[in-house]
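Below is one structure, written out as structure tokens; the observations come after it.
Both counts, for ligands and for their atoms, begin at 1 and track the order of listing. The first residue in the sequence is number 1, and the count goes up from there.
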Amino acid sequence: MGKLPLRARVATTLGGAAGRMSRLAGRGDGSVIGGVIGLRVEPDLLALLAAGRRVVLVTGTNGKTTTTRLITAALGTLGQDVATNAFGANMEAGLAAALGQAPDAPIAVLEVDEKYLPAVLAATRAKVVALLNLSRDQMDRAAEIWLVARRWREALAAAPGCRVVANADDPLIAWAAGAAADVIWVAAGQRWHEDSWCCPRCGSHLSRDDLGWRCGECEFARPPARWVLDGTSVIDSRGRVHDLALTLPGQANRANAVIALAVAEEFHVDAVQALPRLREVTSVAGRYTQVERNGRQVRLLLAKNPAGWLEAFDVLDQPPVPVLLSVNAQEPDGKDTSWLWDVDYRVLRGRPVFAAGERRLDLAVRLEADQVPFELAESVDDAVDRVDGGRLDVIANYTAFQQIRVALGRAA
Ligand SMILES: [Zn+2]
């Protein structure tokens, strides 16, 4: 802290005090308000706080919070402090707060909102940027994803000292990362294809086969990968095969884990050292948490957009385990629920389905159209009371998820 210029010290101190006040007043964990005030006093606060640290930035539409957590866990083997925004506050104020709270940590692993990557990359001079995936999200306010990818290209081309770890199986990610001087390609898979039928370079149709994707017109094709996710195993950069055996469920988390292993290698943490740390991660900011409620086991899954819902369906227990779907359309969720029509709900047939949340009627219309039988539920407790078996899976979008967490006593 002593190394910081005076204004940055003042900004950090003021921000910290505001954060404590906010916590005392019961308004969340206080991290963002501290960062907001700090940045008002010193607009270059993020750059000043990042100076001299080895910074990793993690971005993409889905999996940012989990991948950030997995990288932090893997780097824990180094025995050094790691600054991180573990609770998903991923714009400049949240990042400044995370760095301000760990002034002496030599390493920072930061989740970054997609739109903010160019500014944050320039400010932090990151050593590594991890690019996960890009797909439609919050259609009423998010910038169009091809525009996001174009801005990433420009930002990465202007950051020659930065190494990029990127998912080669997502064509838009491959195009964005392709402008970087130094890329480690990871074959992490891509289940959602609806936003990548066209070549990002020339606009022609992309074809797919077992080897990946390629453009029918130009030379653009999936880059050869150094790390490969192969079912439940990973093939590392030296060709060794490891069973992932994560505690976190699903293919999306295995993809996140392989990206995390590739990032860890940039810090000379070997997959053999890192994997036991990754397996210790059981839940991430409430996601995948299992809570007992009135004798039932309730499991919480967060999904915010069509690709995320597809990944959440992959994680559901086998029928007849019931599922509660809860959808809101508040500011953080996006006000437009038309994305519900991009999700294929037919996989939910054959199990009890409950529809809840402030926009449960929008969901009901959608389920009706896919001929998925369902019942409306007033709340998570209402659904819990109506299930016979011992288990209930819950899939909720952002504010619906937070409401359910509170209802269940802020499940960790
Ligand atoms: Zn092309």
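- Closer than 2.8 Å to the Zn ion (ligand 1) sit the protein N, O or S atoms C199 SG, C202 SG, C215 SG, C218 SG.
- Within the structure, the salt bridge (charged side-chain N to carboxylate O under 4.0 Å, His left out) test picks out the following pairs touching residues 181-206 (sequence neighbours left out): R136-D195, R163-D182, R191-E311, R191-D314.
- The cationic group of K304 does not satisfy the cation-pi geometry with F401, failing either the under 6.0 Å distance to the six-membered ring centre or the 45° limit from the ring axis.
- Between the side chains of T399 and N328, at least one donor N or O lies within less than 3.5 Å of an accepting N or O.
- Shown here are the side chain to side chain contact (heavy atoms under 4.5 Å, CB included) partners of A50, two or more places apart in sequence or in another chain: V55, L99, T124.
- The cationic group of R208 lies under 6.0 Å from the six-membered ring centre of W197 and within 45° of the ring axis, placing it in a cation-pi geometry.
- For E219, the salt bridge (charged side-chain N to carboxylate O under 4.0 Å, His left out) criterion is met by no residue, not counting sequence neighbours.
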